[in-house]
Amino acid sequence: MQTNTKILAQEFEYLSPKTIDEALDLLDKYKDKNIKILAGGTDLLVKMKTIDLKIDYLINIKNISELNFVDTNQGLRIGAVTPLSHIIREEKVKMKYSALYEGIMSIAAPAIRNMGTMAGNLGNASPAADTVPPLIAYGAEVKLQGKRGERTVLVEDFIIGVGKTIIKPNELITEINIPQINKNIGSAFLKKSRVKADLSKINLAIYLKREGNICKDCKIVFGSVAIKVLRAEKTENLLKGQIVNSELINKVAEKASCEIKPIDDIRSTAEYRIAMSKEMLKDGFELAWARAKD
Amino acid sequence: MRKIPIEFSINGQEREALVNSNDLLINILRDDLYLTGTKYGCGIGECGACTVFLNNEPILSCLTLAAAVDGKEITTIEGLAKGNELHPMQIAFLKNAAVQCGFCTPGMILTAVALLKENPSPTEEEIKDYMRGNLCRCTGYVQIVKAIKTCAEGGENESI
Amino acid sequence: MLEKKQFDVIGKRFDIKNIGKVTGEEVYSCDVNIPGQLYAVVLRSPYSHAEIKKIDYTEAEKMGAICIGPDDVPDTLYNERIVSIPDKTYRDRTVLPKDKVRHVGEAITACAAETEEKAFTAIKKIKVEWGRKWKPVVTLDDAMDSNASAIYDHVYLGEKKVDVKNNLACERNIAVGDVEEGFKEADIIVDETFNIKRIYHMQLETKSTVCKPEANGGITLWTTTQGIHNVRILLGHIFNISLSKINVKRITLGGSFGSSIQMNSITPICVALALKAKKPVKLVTSREEDMYDHSSYPLKTRLKVGVKKDGTLTAAHCQVWVEIGGHNIQAYPYLGCVAGWFASLYKWKNIKYEGKAIYSNKGPSCARRGYGSPQINFPVENTMDILAEKLGVDPVHFRLQNYVGRGDEFWGQGPTVKSIIRSCGVEEMLVKGVELIGWDKRGNPDEKSGTIRKGIGVARGFHTSGTGGPRAGEVIDYSGATVKINEDGSVDVITALMDHGGGTWDAGAKVVAEVLKVPFEKISIDNGVDTRTTVFDVNTHATRGIYCGCGAIKFVAEKVKEMLLNYAATLFEDRPENLDLALNQELSQGVIYPKGLPENYKTIGEIADHARINSVETFSYTSTLRQKNCPPCFITYFTEVEVDTRTGEITIPRVVMLGDSGTIINPELWKGQILGAYALGLGVGKLESIPYDKVTGKLKCNGFITDFKVPTTIDMPNIDDIIVDHAHTYEPTGPFGAKGIGEAALSAVASSFGNAVYNAIGIRFHELPITPEIMLKALEEKEIGGKVRNAN
C-alpha cells in the first residue's frame with residue numbers, strides 16, 4: 001500500500017463546531033457514518049497518512065473554547081482540547097503534579113506539545129502514550145458528555161486496548177479531572193526512548209503517599225509494556241503499607257519486572273524493557289519518595 | 001467534497017481562501033501562496049522542517065489542516081524579518097555559522113524564536129531540549145545551539 | 001613544514017552570504033514552481049523481486065492524468081552515475097524496469113496531473129499484472145547463497161556484456177608484496193571480522209525534479225544534484241536530445257552526503273512525463289520513497305593483520321563484502337576506494353585485498369560521505385587498538401609508528417591513483433589530542449568500576465581531496481569556471497561547482513577575492529548559472545570542492561589577473577610586472593598602482609570601465625583544470641564516552657576533534673563540517689540502521705523516520721566540552737595551501753566511539769549501532785563470563 005506523506009489523500013467532510021452542543025449534535029447526526037474527532041492532529045493525521053485510515057467525517061473540536069481551560073482550584077481540571085504545552089505552564093502542575101509535568105515534557109517537541117491535547121492522547125489510546133500513566137497514577141477521571149447526559153470514568157477504566165476506549169459513538173471527552181494532591185504525596189515519571197523526542201520504549205509513573213518511613217499508598221503504572229497502559233497492582237500490593245528500605249524496593253522492582261508483559265518491537269526488546277522496568281522503578285521510587293517528604 | 005472558506009492572516013496580511021477539507025497547511029503555504037521557506041521534510045511530524053507559528057506558537061504545518069487555521073494568525077519564516085531588518089535570531093544564525101545546507105534552518109529559527117519568547121535566558125541544556133524536535137544532518141547542532149545562546153545573551157544585534 | 005601566509009580574505013571570517021537561507025527565500029529544487037505545471041507521483045513496487053507482465057493505465061488516464069510506463073520511455077541501458085569512465089562503468093538500469101522489479105519501492109510507472117492529490121489517486125488506479133515472484137534476497141548471506149534467486153542474468157560493463165553469477169555485481173582484488181611472507185614475519189597476528197550496516201542519508205531535502213519542456217524540443221531542468229553537467233549528459237544520452245537543447249540549472253541543494261552524485265532515479269521519469277504532457281512537471285519524492293531510493297554501502301570486513309614485537313606492521317589481508325541493493329550505482333569504484341582507504345592508513349608493508357559486491361533485493365546503495373572510508377576505518381582502527389593492546393604499547397604511539405604520512409606513497413582513491421603525500425598533520429594532531437583529552441588518565445577497562453564507566457578512544461582517518469592523480473584514470477575529475485570582472489570592479493564567478501552547505505561557494509569567492517584583491521562582498525558566485533553558461537565540472541563529491549573546484553577557479557582567476565594587469569599596464573604605460581594589485585578596504589575596491597607609488601592607484605572598476613568606454617574588451621577567462629593530486633586531508637578524534645551499565649545507554653561527555661586541511665579558507669564552516677560529521681558518526685555508532693524484513697523485502701520502518709532515528713541536539717556534547725582544532729600545515733598544490741575536509745570528518749567518528757567504549761567496559765563491538773539493548777546484553781554476557789565479544 002503506497003503512501004504519500006506530502007499530502008492527505010483521503011476525502012472527507014470537515015466540520016468545525018464551536019460549542020459542545022454543536023459537536024454533540026454532529027456526532028448524533030452522523031452516527032452511522034465513519035466519524036473521527038480531530039483535536040491536535042498529531043496522531044490522527046499521521047495515521048491517515050501512514051496507514052491510509054479512511055474517514056467520512058472529521059469533526060474538529062479544537063475550536064470549542066469551552067473545552068480549552070485549566071482550572072487549578074480543586075485538584076486539576078483540564079479541558080479536553082487544552083494544548084499540552086499550556087497545561088505545563090501552570091505552576092501547580094509543575095510543583096504538585098510532577099509525573100504529569102514530566103510526562104508531558106517527555107513528549108516529542110514543543111510544536112507537537114502545542115498541538116497535542118489530552119482528548120487526543122486518551123482517545124488515541126496508545127499503550128505508549130506519555131500522559132496516560134501519570135493520569136492513572138493520580139486516579140484521574142475523564143468526563144464524557146453525550147446528548148443525554150454525562151458520565152465520569154476513571155482513566156484507568158477508560159482505555160481497554162490498543163486504540164480502544166469505552167467511549168460511545170455519540171460521546172465527547174470534555175474534561176479530565178485529577179484529584180487534589182495533599183501533603184506527603186510524591187510522584188515521578190520516567191521514560192526510556194531511542195532519542196529524547198521519541199515514543200517510549202517503556203515509561204513509568206509512580207505515585208506515593210508517605211507517612212514517615214511507611215509507604216501508605218502507591219500507584220505504579222507502566223506504559224509500552226502491554227496492550228494498554230498497565231497498572232502493576234501486584235507490585236503495588238507488595239509496597240503498600242510497608243516500611244521502606246532498599247531491600248523492599250529491590251523486591252518491588254523485581255516484582256514489577258515480572259508483572260509487565262512487554263514484547264519485542266521495532267523500538268526495543270522485551271528483555272530490555274523488563275531490565276529497565278527494574279531500574280526505573282528504583283529510580284522513580286527514589287524520586288517520588290523524596291518529593292513525598294514535604 | 002465541499003470547499004471550505006477560510007479567513008486567516010499570513011505574516012500580518014489578511015487573506016481569504018477556499019480550501020478542500022483535506023488540504024494541508026504546508027501545501028497551501030508552499031503551493032498556493034508561494035511561501036516556500038516552510039519545508040517538507042517527512043510529513044509525519046518528526047523533523048520540524050515544516051514549523052510555522054500559529055497564533056505565535058510553533059506548530060507543524062504538515063500535520064495541520066488548512067481548514068483548521070480559519071480565524072488564526074500564521075507566521076512563516078518569511079514573516080520574521082521586518083522589511084530589510086533581519087530578526088536577531090536570523091543574524092545570530094548567520095554570524096555563528098549555524099547554517100549549512102539551510103533546509104532545516106527556517107524551522108530551527110522559528111522554534112528558537114519561540115524558545116526565547118518563553119524562556120529569555122535558557123541554559124544550554126534548555127536550548128538543546130527545546131530544539132530536540134528539529135532535525136539537522138549538516139551542522140551537528142553545536143553552532144546552532146551557540147547561535148541561540150548568543151542571541152539570548154543579546155549579542156549580534158547589528159544587521160548584515 | 002609550514003608556510004605562513006598573510007591573506008586578505010582567506011581564513012578570515014565573514015558573515016555568511018546565505019541570507020536567503022535564514023529568510024526563507026533560498027530556492028531549492030522542491031521550491032521551484034512553473035506556471036501551468038503538473039504534479040507527478042511515481043507508482044512504486046510493493047514487491048521485492050517480481051516480474052511485470054502487463055500494466056493497465058485505462059482508469060488513470062480516464063481521470064485525465066498523463067501516464068508513462070516502460071513503453072513510453074527510451075530503452076537505454078545506463079548507469080545513473082557517470083563519474084567513472086565508460087569502460088569502468090557497470091550498466092544495469094533503464095528509466096523504468098522493463099522486465100521485473102528488483103526491490104520494494106522501485107519505480108514502475110508514473111502519473112502527472114493538475115494536483116498532486118489527483119496524480120496520487122491516478123497511480124492507485126493503475127493495474128499492474130504481476131508474473132512470477134521470487135523470495136526476497138535481503139541479507140548478505142542470503143544474497144551470496146548459491147540457491148538465491150538471480151537478480152540479474154547479465155549486465156554491461158562499458159560495452160561488454162557480462163554474465164552475473166550468484167548475484168556477484170563486481171569484484172576487485174589487489175595485492176602488494178606477499179602477505180603470506182609478511183604473516184610469517186609477524187610475531188602477533190589478529191584476525192577479526194566487523195560489520196557496518198546500511199545507513200540512510202536522511203538528507204533533509206527529499207529528491208526532486210522540475211522539468212520544463214521547451215518549444216524547440218529541449219528541456220530546462222531544476223533538480224537535486226551534485227553535478228549539473230552529468231545530469232545533462234545522461235539525459236541527452238537517454239532521450240537522444242542535443243545537449244545544446246538541455247539546460248540544467250544550478251540550484252541550492254538541501255543536503256546530500258553523496259546521494260545525488262548520481263542522477264536521481266526520478267529525474268528521467270519527470271523528463272519523460274514533461275515531454276509527453278508537453279507541460280512543466282514537478283516531481284518531489286516523499287520521505288518514504290526517498291528511503292527506498294538510496295542508502296549507504298554496508299560493509300562486512302574480515303581483517304587479518306600481522307605485526308612484529310617491535311611494533312612494525314608486516315602484512316594485512318583485507319576481505320570485504322558489500323550487498324549493494326537492486327542496482328549497481330558505483331560498487332566498482334567503491335571497492336577500489338575501500339582498498340585505498342584501507343591501504344593508505346598505515347604502512348602494512350604487504351597487502352592483499354579482496355572485495356566483492358553482491359546484488360540484493362533492496363534499494364540501491366550509493367556513496368555516503370566517505371564512500372567506504374567510515375566503513376573500513378572501523379575495522380582498521382579497532383584492529384590497531386587490538387594490536388596495541390597485545391603488544392602492550394600505547395595505541396597512540398603505535399599509530400605514530402605506523403601511519404602513512406608525509407613523503408610516503410599513498411593511494412587513497414584506489415590502486416590506480418598513486419601520489420606522494422606533501423602535507424601531513426597526523427603527528428601534530430595525535431600529540432596535541434593526547435594533551436587536550438587527558439589521554440594518559442584514561443585508565444584500563446579492568447581498572448574501572450561502578451555503574452557509570454568512562455572511557456576514551458582514539459581514531460584517525462583521512463580522505464583524498466578529490467580524485468586527481470598523475471594521469472587521468474578511472475574516475476573523471478576536472479572542474480572549470482568563468483571569472484569575469486564587471487564594469488564596476490565587482491566580479492562574477494560562473495561555475496557548475498555545487499555547494500552542499502559546507503561553504504564551497506564561499507571558498508570559491510574567497511579564492512577569487514584573494515587573487516584579484518576584490519572585496520569578498522563584491523564577488524558573486526550565486527545561482528543563476530546552468531549547464532549552458534558553465535563549463536564542465538564533474539561533480540561536487542569526493543571532497544573535491546575546495547582542492548579541485550576552487551583550484552580550477554583560482555587558475556582561471558589568475559588568468560584574469562594577467563589580462564587585467566596587461567591592460568592596466570597600457571594605462572600606466574608600463575610593464576605589468578612593475579604594477580602591484582592590492583585590496584583597498586576604504587574604497588572597497590581592488591586597486592592597481594605602479595610599484596613604489598601606491599598613491600597613484602587606479603581602481604579595478606575604473607580600469608574595467610575604461611575598457612568598456614573605449615570598446616576594448618571584458619576581462620574574463622574560461623577554462624577547466626584537472627588536479628594531478630588528491631592530497632589527503634586528515635582527521636583525528638579523541639572521544640570520551642560514558643556507559644551507564646544499568647541501562648546500556650552511552651553518552652559523550654567530551655570530545656576533541658582535530659583536522660588537517662592545510663590552509664583553512666572558511667574557519668567557521670570548516671568547524672561546522674567536522675561537528676556535523678561527528679553527529680553523523682554518532683548516529684552510525686549508536687542509533688542508525690535501516691533493516692529490511694526478510695519475508696516481505698520491505699523496510700522494517702516502512703520508510704517512515706518514526707523508526708529511523710537520527711541524532712538530535714541532545715546527543716551532542718555541550719559546547720564547552722567540544723574542542724575543535726587544526727593542524728598547521730600547508731598543501732603546496734592546493735589553492736592557497738588548502739585541502740578538503742568534508743568526508744575526512746566522518747571517517748573516524750564511529751571508530752573513536754567504538755574504541756572509547758572498549759576502554760570504558762572492556763567489550764569490543766564488531767558491529768554497529770551499539771544500542772542500549774545490545775550494550776546491556778553484552779554487559780550481562782560479560783558478567784556471566786560467557787561468550788564475550790572481545791578480540792582477546
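By convention in this document, chain letters (A, B, ...) are assigned in the order of the sequence lines, proteins followed by strands, and residues within each chain are numbered from 1. When reading the values below, keep in mind they use all heavy atoms of this one structure, side chains included, and skip hydrogens, waters and symmetry mates. Everything numeric here is computed off the predicted structure, so don't read it as measured data.
No part of B/Cys50 comes within reach of chain A, as not one of its non-hydrogen atoms sits under 4.5 angstrom from that chain. B/Tyr130 touches chain A through backbone and side chain together, each having a heavy atom under 4.5 Å away. Residue contact with chain B, scored on non-hydrogen atoms closer than 4.5 Å, involves the backbone and the side chain of A/Glu11 alike. For B/Ile4, the part lying near chain A is the side chain, with the backbone staying farther off; criterion is any non-hydrogen pair under 4.5 Å. There is no contact between A/Ile55 and chain B, counting heavy-atom distances below 4.5 Å. Contact of A/Lys62 with chain B is not made at all, since no heavy-atom distance falls under 4.5 Å.
Rounding to the nearest 0.5 Å gives a distance of 15.0 Å between CD1 of B/Ile44 and CE of A/Met48. How far OG1 of B/Thr64 is from CG of A/Leu38: 9.0 Å, rounded to the nearest 0.5 Å. One finds the CG atom of A/Leu44 at 10.0 Å from the CG atom of B/Leu63 (value rounded to the nearest 0.5 Å).
Residues A/Lys49 and B/Cys62 are in side-chain contact: their nearest non-hydrogen atoms beyond the backbone lie under 4.5 Å apart. Residues B/Leu65 and A/Asn60 fail the side-chain proximity criterion, which asks for heavy atoms closer than 4.5 Å. Between A/Asn63 and B/Asp70 there is no side-chain heavy-atom pair separated by less than 4.5 Å. Side chains of A/Val46 and B/Glu46 form no contact here, defined as non-hydrogen atoms less than 4.5 Å apart.
Of all the listed residues (B/Leu54, B/Asn134, B/Ile59), the one sharing the greatest number of non-hydrogen pairs under 4.5 Å with chain A is B/Ile59. Looking only at heavy-atom pairs under 4.5 Å with chain A, the residue among B/Asp23, B/Asn20, B/Leu24 that has the most is B/Leu24.
Proximity of a side-chain donor or acceptor of A/Lys196 to a complementary backbone N or O of B/Arg132 within less than 3.5 Å is not detected.
For NZ of A/Lys92, the number of neighbouring non-hydrogen atoms (other residues, nucleotides, ligands) closer than 6.0 Å is greater than 12. A/Lys29 NZ: 12 or fewer foreign heavy atoms inside a 6.0 Å radius. The environment of CZ in A/Arg89 is crowded: more than 12 heavy-atom neighbours from other residues, nucleotides or ligands sit within 6.0 Å. Other residues, nucleotides and ligands contribute more than 12 heavy atoms inside 6.0 Å of the NZ atom of B/Lys72.
The two atoms that bring B/Ser21 and A/Tyr14 nearest to each other are CB-CB, 3.5 Å, heavy atoms only. Contact between B/Gly133 and A/Ala109 at its shortest, heavy atoms only, is CA-CB, 3.5 Å. Counting all heavy atoms, side chain and backbone alike, B/Asn22 lies closest to A/Leu8 at ND2-O, 3.2 Å.
Identified by a heavy-atom distance below 4.5 Å to chain B, the contributing residues of residues 112-127 of chain A are A/Ile112, A/Arg113, A/Asn114, A/Met115, in residue-number order.
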- Message: As a quick check of understanding, evaluate side chain to side chain contact (heavy atoms under 4.5 Å, CB included) for A/Lys6 and B/Arg30, giving each step before the final call.
- Response: CA-CA 12 Å; A/Lys6 290 181 282 149; B/Arg30 289 179 52 76; over 6 Å; no
